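What follows is a single structure, written as structure tokens, with notes after it.
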Number of protein chains: 2
Amino acid sequence: MGASKLQIHSKRLNDIALVAKVFAHPARVAILEYISKQKDCICSDIVDEIGLSQPTISQHLQVINKAGLLKGNFKGKSICYCINIKKFQEFQELFNSFFNKTKFNCC
Amino acid sequence: MGASKLQIHSKRLNDIALVAKVFAHPARVAILEYISKQKDCICSDIVDEIGLSQPTISQHLQVINKAGLLKGNFKGKSICYCINIKKFQEFQELFNSFFNKTKFNCC
DNA sequence: ATATATAATCGTAATATTGCAATATCAAAT
DNA sequence: ATTTGATATTGCAATATTACGATTATATAT
């Protein structure tokens with residue numbers, strides 16, 4: 001097969017997995033960290049910073065964006081990617097609630 | 001290509017991505033949750049519970065295990081999978097430190 | 001209007017992941 | 001020693017992901 005059997009799981013479990021997928025590639029973690037560190041949201045140099053080609057970075061940005069983690073703004077000539085802190089916080093809470101729930105019982 | 005270019009990222013970023021990968025499939029999240037809920041660590045019925053074949057579950061368990069999240073114990077005839085709470089806690093802290101660090105700045 | 005800079009999309013190749021049937025392994029009980 | 005029950009491994013097919021070159025779209029400046 002190759003495709004995940006999403007139907008058999010609850011929306012909650014699928015959601016957790018979807019969010020985790022965003023962080024499941026080091027380039028995406030690096031991109032998020034880099035964006036957050038840029039005080040003035042300079043953007044196009046993510047490519048130089050990370051060391052992957054422009055199309056590849058663009059692809060990773062799309063994945064991050066589809067999860068709702070980006071806010072694009074215009075600042076002069078170039079697009080400014082920013083982190084959607086509200087969503088980011090939501091994701092942190094989703095993980096923490098899963099971690100906390102799971103941390104009990106067993107052995 | 002198809003393979004991630006791991007060399008270009010720091011160990012820390014690769015580690016975060018590796019941990020995230022464990023949670024990046026709903027079956028694995030389901031398995032972790034199910035194991036944690038079983039007070040007496042009954043095990044072999046994960047297969048019945050989740051609805052995937054035994055080899056597939058075994059494969060997912062391996063992924064979880066390689067990350068260090070399982071503690072296998074023997075209890076009567078069947079192996080008892082338990083969550084390695086220490087590692088689990090470590091992972092939670094890794095995520096939280098990343099989330100907290102990233103939550104500042106930008107737009 | 002044209003040139004320039006920046007980012008997105010397309011097409012494609014390489015690799016990874018997911019899933020299962022068949023088989024093998026291993027431990028406990030008989 | 002053999003059977004039995006439970007888990008791991010192997011082999012394979014289908015799909016997804018990662019990466020990049022070439023191209024296209026978009027916006028700003030000239």
Side-chain angles (χ1 to χ4, degrees), chain A residues 1-9 13-14 17-31 34-35 38 40-67 70-82, chain B residues 1-9 13-14 17-31 34-35 38 40-67 70-82:
Chain A
M1 318 266 140
S4 302
K5 283 189 158 184
L6 302 176
Q7 333 86 34
I8 66 172
H9 306 290
L13 293 181
N14 281 322
L18 271 178
V19 171
K21 263 189 191 172
V22 175
F23 303 97
H25 195 290
R28 289 195 286 270
V29 183
I31 289 171
Y34 180 71
I35 292 179
Q38 296 311 104
D40 46 359
C41 288
I42 291 161
C43 206
S44 71
D45 37 16
I46 298 177
V47 173
D48 303 334
E49 177 69 18
I50 310 281
L52 291 166
S53 75
Q54 182 269 316
T56 301
I57 295 293
S58 191
Q59 217 169 3
H60 282 305
L61 278 169
Q62 254 189 76
V63 174
I64 299 172
N65 190 38
K66 263 183 196 155
L70 289 185
K71 282 192 304 180
N73 288 334
F74 292 93
K75 193 167 192 175
K77 51 199 161 201
S78 55
I79 292 173
C80 150
Y81 293 109
C82 304
Chain B
M1 318 267 141
S4 302
K5 283 188 157 182
L6 302 175
Q7 333 85 35
I8 67 172
H9 306 290
L13 292 181
N14 281 321
L18 272 177
V19 171
K21 263 191 190 170
V22 175
F23 303 98
H25 194 291
R28 290 195 287 270
V29 184
I31 290 172
Y34 179 72
I35 292 180
Q38 296 311 105
D40 46 357
C41 288
I42 291 160
C43 207
S44 71
D45 36 16
I46 298 178
V47 173
D48 304 334
E49 177 69 17
I50 311 280
L52 290 166
S53 75
Q54 183 268 318
T56 301
I57 294 293
S58 190
Q59 217 168 2
H60 282 304
L61 278 169
Q62 255 189 75
V63 174
I64 299 173
N65 190 39
K66 263 181 197 156
L70 289 184
K71 280 192 307 182
N73 288 333
F74 292 93
K75 193 165 192 174
K77 51 199 160 202
S78 55
I79 291 173
C80 149
Y81 292 110
C82 304

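So that the names make sense, note that chain A is the first sequence line, chain B the second, and so on, each numbered from 1. Fair warning: this is a prediction, and the values are worked out from it, not measured in the lab. The analysis underlying the following values was restricted to heavy atoms, covering all of them including side chains, and did not include hydrogens, waters or symmetry mates.
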Could you tell me how far apart A:H9 (NE2) and C:dT18 (P) are, to the nearest whole angstrom? 11 Å
With a cut-off of less than 4.0 Å, is there a side-chain N or O of A:T56 near OP1 or OP2 of D:dC20? yes
Is B:K5 close enough to D:dC20 that one of its side-chain N or O atoms is under 4.0 Å from OP1 or OP2 there? yes
Closest to the 5' end of DNA chain D, once A:S4 and A:S53 are matched to their nearest nucleotides, is A:S4
Run the side chain to side chain contact (heavy atoms under 4.5 Å, CB included) test against A:S53 and tell me which residues pass, sequence neighbours left out. A:P55, A:T56
Comparing nearest nucleotides in DNA chain D, the 5'-proximal residue of the pair A:H60, B:Q62 is B:Q62
To the closest 0.5 Å, what do you measure between CD1 (B:I46) and OH (B:Y34)? 7.0 Å
Counting just side-chain N and O atoms, does B:Y81 come under 4.0 Å of either OP1 or OP2 of D:dA8? yes
Can you tell me how far C1' of D:dT17 sits from CG of B:L18, to the nearest Å? 15 Å
In Å and rounded to the nearest 0.5 Å, what is the CD1 to OG distance from B:I57 to B:S44? 11.5 Å
Closest to the A:S44 side chain, choosing from C:dT18, C:dA7, D:dC20: C:dA7
What's the shortest heavy-atom distance between A:I8 and B:G51, and which atoms? CD1-O, 3.9 Å
Please report, rounded to the nearest Å, how far the P atom of D:dC20 is from the CD atom of A:Q54. 11 Å
Partners meeting side chain to side chain contact (heavy atoms under 4.5 Å, CB included) with B:Q62 (sequence neighbours left out): B:K66
Write out a two-atom table: protein N or O, nucleotide N or O from nucleotides 10-13 of chain C, distance below 3.5 Å.
residue	atom	partner	partner atom	Å
C:dA13	N3	B:M1	N	3.0

Kindly write out the residues that satisfy side chain to side chain contact (heavy atoms under 4.5 Å, CB included) with A:A27, not counting sequence neighbours, or none if the list is empty. A:H25, A:L52, A:H60, B:H9
Using a 4.0 Å heavy-atom cut-off, does A:L52 contact any base of the nucleic acid, only the sugar-phosphate backbone, or nothing at all? sugar-phosphate
Please state how far atom CD1 in B:I8 lies from atom P in D:dA19, giving the value in whole angstrom units. 7 Å
Measure from CD1 on B:I50 to P on D:dT7 and round the result to the nearest Å. 14 Å
Just to confirm, is there a sub-4.0 Å distance from OP1 or OP2 of C:dA8 to any side-chain nitrogen or oxygen of A:S58? yes
N/O (side chain, A:K21) to phosphate O (OP1/OP2, D:dT17) under 4.0 Å: yes
What's the NZ-P distance between B:K66 and C:dT17, to the nearest Å? 10 Å
Which comes earlier along DNA chain C counting from the 5' end, the contact point of A:A3 or that of B:A3, where each point is its nearest nucleotide? B:A3
Whole angstrom value for the distance that separates P of D:dT7 from CD1 of B:I64: 14 Å
Nearest 0.5 Å please: distance from the OH atom of B:Y81 over to the CG atom of B:L70. 7.5 Å
Could I get the full list of side chain to side chain contact (heavy atoms under 4.5 Å, CB included) partners for A:V63, not counting sequence neighbours? A:R28
Whole-Å distance, B:L61 CG to C:dT18 C1', equals 15 Å
